[in-house]
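Here's the structure, in structure tokens; my notes come after.
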Amino acid sequence: MNLFLELRTHGKLAAKRNPMYEKNKFGKFWMYFMAIFWAAYLIFFGSTFAFAFDGGATEAYHVMNSGLIFVLALDFVARFPFQKTPTQEVKPYLLLPIRRNRLIDFLLIRSGLNGFNLIWLFLFVPFAILTITKFYGVVGVLTYCIGIWLLMVFNNYWFLLCRTLMNERIWWVLLPILAYGGIAAAIFIPDNSPLFAWSVDLGEGFITGNLLMFIGVLVAIAIMWFINRSLMVGLIYDEVNKMEDTKVKHVSEYKFLDRYGEIGEYMRLELKLLLRNKICKTSLRTVFIVVIAFSCVLSFTEVYDGQGMKNFIMVYNFVIFGILFLSSLMSYEGNYIDGLMSRKESIYALLRAKYIIYSIAILIPLLLMIPAMATGKLLVLSCIAWAVFVAGCVYFCLFQLAVYNNKTVDLNAKMTNRQNMGTGLQSIISAAAFGVPLILNLVLTSLWGPTVTAWILIVIGGGFILTSRFWLKNVYQRFMKRRYKNMEGFRDSRQKA
């Protein structure tokens, strides 16, 4: 227990002593605000469900318990943007006389006690108070809430297993897909699915304090615990020892870029960053999967046939790629910024190369949305207009972050690095890069229709593309005025060896 408390203390001190602590305060405030908002939102829904399900042939808590499987699936998906694999810095502790398994155990304990595992109680506690108290009293509410919390702890370790494996090999995404696909088939294919009855019995077992139900969930948690511990021990040592760096299967030199001189060299550097670095490759694959999924659902189903959802998906597919990589513009280069600054105007050439690469990348979502255009779900002119607008206006806004970003993003560490939290400015510009185009599209479409809106977007985006050299030069000049402050920030935030 002393080791666990020491690790928690070290984690808090590391966050407070980090030179980026002041810049992260906006992010912390926003996280706390959203946590309070969603807690109130879940309390509202819990109370609403209690009254909505009451008065039927089936008790309200039976109706809620029949949907526990869907709540667990939703919880699994919700963890992706908010929860990462354990990020405690383990390298220093591996050099100390501490047992490896004991260290991992405490990291897993901290993950199991994570506050995210309690968030669903804001839904279930008010629901239980309104529906269970009159039959089973306060004890029934208490045992029910403990059971729900244990399910969320199990889901936490199941998510941790899947996320860790997917970080190593993207093909492990098939594991949750097959698992939840099998569950969906077992629910919807039979007329009377036994999974609904099992879910109802599980929830009622929690309410009545059935020891067998609690023991079964605890055994499942223990199994996931041991699987995660075995996996994490191996992966952490592989990463610390850099075992994966000893095998080089293929090295591409991108010879076709030689004809473009210095710009071509920096384009080659950017391509190597995107296609060789494991973190960047994982992000790229994730974006591809999400864009393809949205495009296929939009093209071949009627789920998103509403005009609002069509516009949302179209804007999202174009904007997400830029937000993902350009919001941390120059942060990866912070690892070798001293070398870049040694040559005159090398930063300007780098910015131009990045703009060219990411502008060409706009063609990828455009091509992936061809089925939606072929089926008439999206207008060809609207897709072209958004591609031009994003490459021009949206990228102009995102490239302004090159002036102010001064926090290095580590290129190698995954299991042993601490989660990088964006600055307040990154959060604001990233949110605006997605939200403002949606609002602009809504206003223009309501005033002049989709065709006129598309031509307006083409004119605006085309203007920024044609003047890209001038505003990129301006970004470069402002960066150079802040170069000493930025370089100090890059050096201070590098991972210490």
Side-chain angles (χ1 to χ4, degrees), residues 260 263 267 270 287-288 290-292 294-299 304-327 329 351-402 428-475:
Y260 302 110
I263 299 295
M267 291 173 67
E270 189 67 18
V287 169
F288 270 105
V290 171
V291 171
I292 291 173
F294 271 146
S295 300
C296 290
V297 171
L298 181 62
S299 303
Y304 296 137
D305 275 359
Q307 191 59 44
M309 284 305 301
K310 288 180 182 178
N311 292 334
F312 175 86
I313 291 174
M314 182 166 57
V315 175
Y316 180 89
N317 286 353
F318 284 117
V319 172
I320 185 60
F321 190 81
I323 290 178
L324 189 64
F325 292 100
L326 294 180
S327 61
L329 192 64
L351 292 173
R352 286 188 59 193
K354 282 179 175 288
Y355 183 72
I356 293 171
I357 290 291
Y358 291 108
S359 297
I360 294 174
I362 284 290
L363 296 175
I364 297 173
L366 184 63
L367 294 175
L368 292 176
M369 286 193 287
I370 287 178
M373 290 184 273
T375 55
K377 298 292 184 69
L378 296 176
L379 297 176
V380 176
L381 181 61
S382 295
C383 291
I384 295 174
W386 277 109
V388 174
F389 182 80
V390 170
C393 185
V394 175
Y395 281 6
F396 164 78
C397 297
L398 291 174
F399 265 81
Q400 306 307 310
L401 287 170
I428 292 173
I429 292 185
S430 297
F434 181 65
V436 172
L438 282 175
I439 298 173
L440 179 64
N441 179 71
L442 178 64
V443 173
L444 293 179
T445 303
S446 61
L447 291 176
W448 293 296
T451 303
V452 176
T453 298
W455 284 111
I456 292 175
L457 294 176
I458 289 174
V459 171
I460 296 174
F464 280 101
I465 292 174
L466 293 175
T467 58
S468 60
R469 286 203 177 196
F470 300 104
W471 55 260
L472 283 174
K473 190 73 172 181
N474 176 262
V475 170

Under a 4.5 Å cut-off applied to non-hydrogen side-chain atoms, are [X] and [Y] in contact?
| X | Y | answer |
| --- | --- | --- |
| L398 | I429 | yes |
| I362 | V390 | yes |
| W471 | T467 | yes |
| F389 | L440 | yes |
| L366 | C383 | yes |
| V291 | I320 | yes |
| F434 | F318 | no |

Under 3.5 Å, is there a donor-acceptor pair between the side chain of [X] and the main chain of [Y]?
| X | Y | answer |
| --- | --- | --- |
| T445 | L442 | no |
| S468 | I465 | yes |
| N441 | P437 | no |

Whether F399 and Y395 hold their rings parallel, tilted or perpendicular, with breakpoints at 30° and 60°: tilted
In Å, rounded to the nearest 0.5 Å, how long is the span from [atom1] of [X] to [atom2] of [Y]?
| X | Y | atom1 | atom2 | result |
| --- | --- | --- | --- | --- |
| M314 | L438 | CE | CG | 9.5 Å |
| L378 | N311 | CG | CG | 8.5 Å |
| L444 | I439 | CG | CD1 | 11.5 Å |
| K354 | L329 | NZ | CG | 5.5 Å |

Pairs touching residues 447-468 that satisfy ring-ring contact (aromatic ring centres under 6.0 Å, His included), sequence neighbours left out: F396-F464
Proximity of F321 and F288 rings by center, below 6.0 Å: no
Shortest non-hydrogen contact from L351 toward A402: CD2-CB, 4.0 Å
